[in-house]
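For reference, the structure discussed in these notes is given below.
In the text below, chain A, chain B and the rest are named by the order of the sequence lines, each starting its count at 1.
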Amino acid sequence: MALLEVKDLDIHYGAIHALKGVSISVEEGQIVTLVGSNGAGKTTTLRALSGLVGASRGDITFAGKSIRGKKPHEIVRVGIAHSPEGRGIFASLTVRDNLELGAYSRNDKAGIASDIERSFSRFPILKEREKQAAGTLSGGEQQMLAVARALMARPKLLLLDEPSLGLAPQIVHAIFRIIREINAEGMTILLVEQNAHMALSIANHGYVLETGQIKMSDDAKKLAASDEVRKAYLGG
Amino acid sequence: MSSFLQFLFKGISVGSLYALIALGYTMVYGILQFINFAHSDVFMLGAFFSYRLAVKLDWLTPSPIQATALLLMAMAMCAITGFLIERLAYRPLRHAPRLNVLITAIGVSLFIENTGQLIFGKNVIGVRSLPQLPEHVFHIAGIPVRAVEVIAVVTAVALMIGLQALVFGTKIGRGMRAVAIDHNIAGLMGIPVDRIISFTFIIGSALAAAAGLLVALTYGQIKQPADASWVLYGLKAFVAAVIGGIGNLPGAMLGGLLLGLSEQFVAGYLSTTFRDAIAFGLLILILLVRPSGLLGKRVVEKV
């Protein structure tokens, strides 16, 4: 049984029908990616999983239990952490404050302290900037902070929304290498990306989302090789 | 020189009371971006609750322990009131346009004032019926200062230190700061946003209650619940919050102090006629030269 199972999800923003019967499933230990153009509904899907938007139909099951209708902070407690679109770091707070906020759902002080040390050894730049306001970090550093902060909740599933957004190619490569490392350590990841090429290259399974509907679902390698995807998203 | 010191002490004492009330305005604004017009009514209730408690418990000449207990009980009662106001009136409008919440706040304010008149009556409660603190007079640098003013300053400062420790030194305080920045992202961190908002109202209302009791003792009377002086006092505290930079805690304290001092100096050296005008004069000046307030946030942000 899959760790995350989304079934026939419908989402409305007022009169706009943003998701139409979306079904996806994420197996434990995998990287699953959701690719598609701007406005296809990728971010909306993640926001629904985190409880930031309510679904009008369908169900979301995580580890065998329905989480539809739960509030965002309850979903974090169930084991889903979300690194949002645009990174969503707290710019006026320090890097350390950001990391500690990521662990808000936990009460094991010693565990939190050792996880902060782990973040610092994974991202040494964050250690150097520990006491700086997070808003003074570069885009790539902010993205690292956003990922490190999401991991502070010790999730079973990590949702990543456009980690490559606005970053230089070398930085994007560094971020994707880190995503692969985190996955190799056992973390299940649902990755939303406009950069379909990069996303499909590290994912096990991929979904193509178009105007709120799943158009294709296949093994990531096969999707990357398919003519349709190459034409539409990989520039021929 | 001696009158200078007198104005200075009086200014500090009045200013710390403004600061206590200003903190409640600024915390709610920081977290919900709206002005809680009912805050001055919670402040008024603080005065009445403590007075009624003192009468009921027959503590009209309270010992220091009884006085502290009165203060804490009034704070607890106003905390519950603040919690209920948010829960019943504001939370159902969480996703409504801000103007709706603002109008609701005015409605809550009128409701409390009129209910207050029903419960507490329409007469001024004079100095003789109030709890009597020792009318001891201190001499600081040769200037006589009333005990009640010293008590007001000490209490206000202690509460502000406590608040500062809460907001910047505890987990729930970190949660409050995160919710003030972004509700959605705070939720994604696992922060129970609604509970943090309730907590903010509880703390702000408790501080207003303390101010209510201290103001009653300082001025030696409690005017009736719907008297305009309550609203004026609240409005000045709100101005203090704006002067310091709305949404900023140290700003509210600084603004309160600044307002208290300028009022006393203007009243002392120029004329008492201008005492009330000074708050709004300062407000206009600040809005012209530094609209985000003295300590208003200017966030360093790179996108």
Point-to-point distance, once rounded to the nearest 0.5 Å, from NE2 of A:H82 to CE of B:M189:
9.0 Å
Would you say CZ of A:R57 has more than 12 non-hydrogen atoms from neighbouring residues, nucleotides or ligands within 6.0 angstrom?
yes
Near A:E117 CD, under 6.0 Å, is it more than 12 heavy atoms from other residues, nucleotides or ligands?
yes
Around B:F111, counting heavy atoms of other residues, nucleotides and ligands shown, do more than 12 lie under 6.0 Å from its CZ?
no
Table please: side-chain donor-acceptor pairs of residues 58-67 of chain A below 3.5 Å, with sequence neighbours left out.
| unit_1 | atom_1 | unit_2 | atom_2 | d |
| --- | --- | --- | --- | --- |
| A:D59 | OD1 | A:S66 | OG | 2.9 |
| A:S66 | OG | A:R68 | N | 3.4 |

Determine yes or no for a side-chain-to-main-chain donor-acceptor pair under 3.5 angstrom, with B:K171 supplying the side chain and A:Y104 the backbone.
yes
Give me the atom names and distance for the closest heavy-atom approach of B:I185 to A:G88.
CG2-O, 3.1 Å
How far does CG of B:L188 sit from CG of A:L101, to the nearest 0.5 angstrom?
12.0 Å
Counting neighbours of CZ on A:R118 that are heavy atoms of other residues, nucleotides or ligands and sit closer than 6.0 Å, is the number greater than 12?
no
Pick from B:A186, B:G190, B:G175: which one has the most heavy-atom pairs with chain A under 4.5 Å?
B:G190
Minimum heavy-atom separation for A:H73 to B:V193, with atom names?
ND1-N, 4.5 Å
Where on A:R47 is there a heavy atom nearer than 4.5 Å to chain B: the side chain, the backbone, both, or neither?
side chain
So with a 6.0 Å cut-off around CZ of B:R195, is the heavy-atom count from everything else above 12?
no
